[in-house]
Amino acid sequence: MAPNAVGERRRLLRADFPAFLTALRERGYRVVGPTLRDGAIVLGEIRDETDLPIGWTERQDAGTYRLVRRDDAAVFGYTVGPHSWKKYLFPPRERLWSAVADGTSFRLEPDAAEPVADAFLGMRACDLAAVRISDRVFDRTAPDPGYHGRRRRTLRIAVQCGGAAPTCFCTSMGTGPGVGSDHDLALTEIVDPGPHRFLVEVGSEAGAAVLDRVPTEPAGAADVAAAEAAVARAAAEVGRHLDPAGVRELLLDHPDHPRWADVARRCLSCTNCTMACPTCFCSTTEEVPSLAGDRTEKWRRWDSCFNLEFSQVHGRPVRQSGLSRYRQWLTHKLASWHDQFGSSGCVGCGRCITWCPVGIDLTEEVRAIRADPTAVAPPEAAP
Amino acid sequence: MSIVGEAAPAAGSNPWWPTPYRVERRVAETGDTVTLTLRAPTGTAPPAFAPGQFNMLYRFGVGEAAISIAGDPARPTELVHTVRVAGKVTESIAGAAPGETVGVRGPYGTGWPMDDLPGRDVVVVAGGLGLPPLRPALLAILARRERYGRLEVIYGARSPKDLVFYDEVQAWRRRDDLRIQVTVDAAGRDWYGDVGLVTARLPDARFEPARTSALLCGPEIMLRLTARALEQAGVPPERIFLSMERNMKCAIGLCGHCQFGPDFVCRTGPVFPYAAVRDRLDRREV
Ligand SMILES: Cc1cc2nc3c(=O)[nH]c(=O)nc-3n(C[C@H](O)[C@H](O)[C@H](O)COP(=O)(O)OP(=O)(O)OC[C@H]3O[C@@H](n4cnc5c(N)ncnc54)[C@H](O)[C@@H]3O)c2cc1C
Ligand code: SF4
Ligand code: SF4
Ligand code: FES
C-alpha cells in the first residue's frame, strides 16, 4: 500500500472499519469514543466496534434527551451527548502532584506514569472548536502540564455530522457542521446510496500513519459529493440560532436587564451546564494528605461559577444571588471570553440546553435581551 | 527544589509545584497576625519580585493561600510575608515556627506602578492588612526619597491592637520626609491617634491632586470610597491604583475563581488602575 499523504481523500468501506480500530490500537492508542451507557450516548473506551452505538440515535431538546433506534445501521448517526472530550483532556478529578514529608520539609515525587495516548474517535466539528479554545485556555501564564501532556498525544478523529439535533446551533457560532483542517483524520459516513462507507480525509502525518495500516482506496467524485450532501443536510437541519453580532456589548451593557432576574427564578444553580459545556474550565484544588501524615497529594477537580463558595472572599461569596451567578456564566461564555481568549466561549453544541433540568436555553435568553435591551423591571405590584 | 528520580523535569518547570522554603523568623504582629521571614533552599535565592505582587504559600498536608509579599525589595535574599489567620491554611502558615517549612510558588500578578511614581506626590492608603502589600513600595520610595514629591500615608485599622508593623510605623511617624496618619475604627482612652475611617483623614493629607499618584489596598468598600474621594479631590482616575482581592485557587490563570469581569485578578491584577475597574467596582456581585 502506498503511504497516505496529508490532504488526501480515501474511501474506507464499512466492512473494513474494524481494521481501522485495530490499526489505532496497533499504533499505541487507547480508543475512546461514543458508547451507550445509562440511557445516553456518552464517551468511553472503545475496545471493538460493538462498543459503538451502531444503529442508535437520540432525540434531544431543551431539558430532554431520549435514545431511539435508527432505521439504518449508521455507526455515527447521532450528535453530541452529555460528555465532551474535556473529560479526557481535563479530567473531572486529576492529581496535580504528590509529595512526601522529609524531616521538617517535604519533597515532591516525580509522576512515574506516562499519560496514555488517546485516539478521540468521533469528534464533531463543534468538539474540535472546543478543543481549539481549550488549547488557549490551558496555556496561560504557563502551559498546564496535565492538559498539554495529554493533548500532545491525542489523535483527533473527526466525524462530520450528517444530521443536527434541535439543540445544535454550530452554524451560528461558525464552528460546524463541516470540520475544518485541524484534525488528524476526518470521517464522513455515507450509508446511502451504498455501499456503506466512509470518506476519510487525512489531516496529519499521525493520521496518515494509522490509515497506512488500513485497506482504503482513493475516494471518487461520488464519495466526495455524498459527504458534502451529508454536511449540507446537517446544516439545513440546524434549528436553533444565536445571532453572535454584538452579543458581547449586548450582555455587558445591560447587567440590570430584567431578564437576568427572570432566568434566575428558573435556574436551580445545579451546575449541569458548566459540567456539560466543553469549554468551561473552572476548577478547584484539594489537599489530600495520607492518614499517617507522611505523604500528601494535590488534586484538581471541576468547579463551577454556580457554586456559592466559588467566589468566597472573607467568608462571604462575591456572587451571592442566583442572578449574579447566571449572569457570570452567560457573560463569561459569550462576552468576556472574547477579551480573555479572543473568541466566544460557546461553540454552539447545545449541551447546556439539553442537560438543563428546567430547559433554560441560552439562545432564548440572549434573544429576550436583544428584543428589548433597555427594558426595566416593572415596579413591584402594590400590596 | 529537591526532586527525586531521574525522570523528574527541571525544578520550576511545573507551574503547580511549590518550592520548600525554611522559616527563619516569626514575629507576632497582633493576636492573629504574624510576619514570617523565609529562606530559599540552600544555594538559591527567592525570585525577584515587584512591590505589590503575591505568592502562593503552601503547608504540607494542609493547602495553599495567596499571600502578598511584604518585604524590602532591597533585601532580595529574604522573603517576607504577613499572614492573618482566616481559616485552616492561614492558621497553619501563621503557626509555622522557625526551622519549619513553607512551600512557595510565585511571584504572581501585577505590581504597583513604581515607574510612574518618581517626580509625583504619592498618597498611600492602607486599610487593615492592606499595609503589608504596600510596604515594599513604601520602602522602595523611602530608599530613594529624593526622587519623589510629597509622601502621604494614611493607615487605618479596626483597633489599636490590630496595627501591624507597629515599630516601623512609629519610626515613620518621626520622619519629616513623610506624613503618616494612623486611624482606628474604635479605641479606648489610651489611644492618642485618630478615630474614624481612612476617608475622613484624606482632607488632612497634603498633596497636589493633578500631580499625585495614589496606591490603595484594603477591604473593597474602603477601596471604593477612597478612590471616589481621591477622584473628587482631583486625582486623575488613571493615577489611582488599587489592589483587589478575589478567591484564588491557582494564581496562574487556570482555575477561573478570581475572575472580575474580563480580568483574572491573579494575572492582570491584583493592582488595577481605578479608571479600568470603576464601573465594575460600583456594581455589586460582579
Ligand atoms: C492577591 C491576594 C493577596 C493576599 N494577601 C494576603 C496577605 O498578605 N496576608 C493575608 O493574611 N491574607 C492575604 N490574602 C487573603 C488570603 O489568601 C486568604 O485569607 C486565605 O486564602 C484564606 O485561606 P484559609 O484556608 O486560611 O481560609 P479558608 O478556610 O479557606 O477561608 C477562610 C475564609 O477566607 C475566605 N477566603 C478564601 N479565599 C480567600 C481569598 N483569596 N481572599 C480572601 N478570603 C478568602 C473564605 O471564604 C473563608 O471565609 C490575600 C488574598 C489575595 C487574593
Ligand atoms: S455554552 Fe452551551 S452550547 Fe455553548 S459550548 Fe457550552 S454547552 Fe455548548
Ligand atoms: S462560565 Fe462559569 S464555570 Fe464556565 S468557565 Fe466561566 S466562570 Fe468558569
Ligand atoms: S486564581 Fe486561578 S485563575 Fe486566577
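Every chain is numbered from 1 and lettered A, B, ... according to where its sequence line falls, protein lines coming before strand lines. Just so you know, these numbers come straight off a predicted model, no measurement behind them. These values consider heavy atoms only, across backbone and side chains, with no hydrogens, waters or symmetry-generated copies.
Note that CZ of B:F60 and CZ of A:R295 are 8.5 Å apart. Values are rounded to the nearest 0.5 Å. For the atom pair CG (A:L96) and SG (B:C250), the distance works out to 10.0 Å, reported to the nearest 0.5 Å. Once rounded to the nearest 0.5 Å, the distance linking CD of B:Q259 with SG of A:C305 reads 7.5 Å. Residue B:C258 holds its SG atom at 8.5 Å from CZ of A:F310, rounded to the nearest 0.5 Å.
Judged by distance alone, with hydrogens and angles left aside, the side-chain atoms of A:S105 form no donor-acceptor pair with the main-chain N or O of B:T101 at under 3.5 Å.
Using a 4.5 Å cut-off between heavy atoms, A:A101 touches chain B through backbone and side chain atoms alike. For chain B, no part of A:R325 is nearby; none of its heavy atoms comes within less than 4.5 Å. Looking at A:V288, neither its backbone nor its side chain comes within 4.5 Å of chain B, counting heavy atoms on both sides. For A:E286, no part lies near chain B; criterion is any non-hydrogen pair under 4.5 Å. Looking at A:V137, only its backbone comes within 4.5 Å of chain B, counting heavy atoms on both sides. Contacts between B:Y21 and chain A at a heavy-atom distance below 4.5 Å are absent for every atom of the residue. Residue B:E64 touches chain A through both its backbone and its side chain, counting heavy-atom pairs closer than 4.5 Å. Of the two parts of A:N307, neither the backbone nor the side chain holds a non-hydrogen atom closer than 4.5 Å to a non-hydrogen atom of chain B. If you measure heavy-atom distances from A:S321 to chain B, the contacts under 4.5 Å come from both the backbone and the side chain. Heavy atoms closer than 4.5 Å to chain B are found nowhere in A:F90, neither backbone nor side chain. Within the 4.5 angstrom heavy-atom criterion, atoms from both the backbone and the side chain of A:T284 approach chain B.
The shortest non-hydrogen separation linking B:G61 to A:P289 is O-CG, 3.4 Å. Of all heavy-atom pairs spanning B:P262 and A:D339, the tightest one is CB-CB, 3.7 Å. Summarising the geometry of B:L254 relative to A:S283, their closest heavy-atom pair is O-OG, 4.4 Å, with the distance given to 0.1 Å. In terms of heavy-atom proximity, B:W16 sits nearest to A:W97 at O-NE1, 2.9 Å. When all heavy atoms of B:Y58 and A:T296 are compared, the closest pair comes out as OH-CG2, 3.3 Å. Here the shortest heavy-atom pairing between A:C282 and B:G256 reads SG-CA, 3.6 Å.
Looking at heavy atoms from C-beta onward, B:P15 lies out of side-chain contact with A:P143 at the 4.5 angstrom threshold. At a threshold of 4.5 Å between non-hydrogen side-chain atoms, the residues A:S311 and B:N247 do not count as touching.
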Query - Residues A:Q312, B:H257; criterion side chain to side chain donor-acceptor pair (under 3.5 Å); working and verdict - result: CA-CA 9 Å; A:Q312 192 85 249; B:H257 277 255; over 6 Å; no
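For residues 279-286 of chain B, the interface with chain A (any heavy-atom pair closer than 4.5 Å) comprises B:R283, B:R284, B:E285, B:V286, sorted by residue number. Within residues 82-90 of chain B, no residue approaches chain A closer than 4.5 Å by heavy atoms.
Using bins of under 30°, 30° to 60° and over 60° for the plane-to-plane angle, the ring pair B:F264/A:H332 lands in the perpendicular bin.
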